[in-house]
**Student:** 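The structure under discussion is supplied below as C-alpha cells; questions concerning it will follow.
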Amino acid sequence: MIERPSPNFNDRQLPIAMVVLHYTGMQSGAAAIDWLANPESGVSAHYVVAEDGTVLRMVDETKRAWHAGRSYWRGIADVNSASIGIEIVNPGHEFGYVPFPAAQMDAVHQLVADIVAHHAIRPANVVGHSCIAPTRKADPGELFDWPRLARAGLAAAPKPCMDPNWTDPGFLAALGRYGYDISAPRDAVIAFQRRHRPARLDGAIDAQTRTILRGLLLAEGL
Ligand SMILES: [Zn+2]
C-alpha cells in the first residue's frame, strides 16, 4: 500500500458502520489522486484503487474523509462520519465509463474484505455512492462487480423469494425501510436498480425489481 496523504479530513462524529464505493470520474487516475490530495478541492477518500490494483492510502481510517457529500443511508445523514470511502479509478459516465480491470477488482475485493472484517460491517452497509445520493450520483455504476462482493458475503445479496406484488407506493415504502432516501422516488428506484438490477435501469417498479427488494429485506430480517 502506498501512502499519499490528503489534508482533506476532520474528526468523525459517528462510529464506523459503512463502506462507500466510488469511481473517480476524472480523465486519469493521476489527475484524480492529485485532486483528492489538493487542499483546494475539499474532497478526499480513505483509499484509492488504481487500474493495476495499486492501493493508495490518503486518509487514516480513524478520520472523517470527505467523499460522500450530501447523502443518506439508514437514518444516517452524515455518511462521511460513519463510513470508509474507497475511490476506484475509472473515468466514469462523464469521461468514458469502462469495465473495471480484473487486477483492480481483485484489489477492491481484498480491501473491502479487510475493512469489513476489521470493523464488523454488515454486508448491506457496503454501498455505492449512487445508493446514498440517488439524485446526484451514479458511481461506481452498473459495471461494478457487486455480485462478486455479494458471493463473498461482503455486500447485500437477496434471498430467493416470490414477487410480493406491492403497489408502487408499497414498493417505495419498502425501499425506504431498507435504507434508501426515497424523497425523489424515480431516482431512488433507478439507484436501486443500478446496484441490484444493472441490466435495466428504467425506473419501472416491475416484478423483478420488487422481488429483489423483498429478498434483500428478508436477508436483513426487515
Ligand atoms: Zn462518488
Side-chain angles (χ1 to χ4, degrees), residues 4 6-10 12 14 16-38 40-51 55-59 61 63-74 76-101 104-105 107-109 111-112 115-116 121 124-146 149 154-156 179-181 183-184 187-188 190-196 198 201:
R4 178 73 197 274
S6 169
N8 303 327
F9 64 85
N10 56 358
R12 291 186 183 276
L14 294 167
I16 296 168
M18 301 173 60
V19 175
V20 180
L21 302 183
H22 304 259
Y23 62 48
T24 49
M26 292 181 68
Q27 268 152 338
S28 77
I33 291 159
D34 285 347
W35 182 242
L36 293 164
N38 183 341
E40 309 277 289
S41 75
V43 293
S44 62
H46 295 91
Y47 300 101
V48 177
V49 182
E51 290 103 323
V55 179
L56 290 82
R57 174 163 38 212
M58 302 196 74
V59 174
E61 287 186 5
K63 295 299 181 183
R64 178 179 179 272
W66 302 341
H67 55 94
R70 185 168 49 77
S71 50
Y72 173 91
W73 185 249
R74 296 192 161 181
I76 294 174
D78 181 5
V79 172
N80 282 335
S81 268
S83 65
I84 290 173
I86 301 173
E87 287 280 358
I88 306 166
V89 173
N90 189 300
H93 295 89
E94 192 175 347
F95 294 107
Y97 191 38
V98 290
F100 297 92
Q104 187 180 38
M105 193 61 220
V108 169
H109 184 154
L111 181 61
V112 171
I115 292 167
V116 163
I121 293 170
N125 284 351
V126 177
V127 297
H129 202 184
S130 57
C131 304
I132 63 170
T135 62
R136 301 188 300 118
K137 295 293 176 178
D139 60 316
E142 58 282 1
L143 296 179
F144 184 75
D145 194 355
W146 286 108
L149 295 188
L154 300 172
Y180 281 76
D181 173 6
S183 55
D187 289 338
I190 291 172
F192 178 78
Q193 291 173 334
R194 198 182 296 283
R195 165 66 183 81
H196 293 286
L201 309 176

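Given the structure is predicted, the values throughout are model-derived calculations rather than measurements. Index from 1, following the sequence. Indexing begins at 1, ligand by ligand and atom by atom, following the structure's order.
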**Student:** Give the intermediate values and the outcome of salt bridge (charged side-chain N to carboxylate O under 4.0 Å, His left out) for residues R4 and D34.
**Tutor:** CA-CA 10 Å; R4 178 73 197 274; D34 285 347; 3.2 Å; yes

**Student:** For R12, check salt bridge (Lys or Arg N to Asp or Glu O under 4.0 Å) against everything at least two apart and list the hits.
**Tutor:** none

**Student:** Is it true that D187 and R136 have a side-chain N and a carboxylate O under 4.0 angstrom from each other?
**Tutor:** no

**Student:** Tell me, please, which residues at least two apart from D145 pass salt bridge (Lys or Arg N to Asp or Glu O under 4.0 Å).
**Tutor:** none

**Student:** What is the number of protein N/O/S atoms located under 2.8 Å from the Zn ion (ligand 1)?
**Tutor:** 3

**Student:** Partners of V112 by side-chain contact (heavy atoms from CB on, under 4.5 Å), sequence neighbours excluded?
**Tutor:** L21, I86, V108, V116, V126, L154

**Student:** Side chains of H129 and Y23: is there a donor and an acceptor less than 3.5 Å apart?
**Tutor:** no

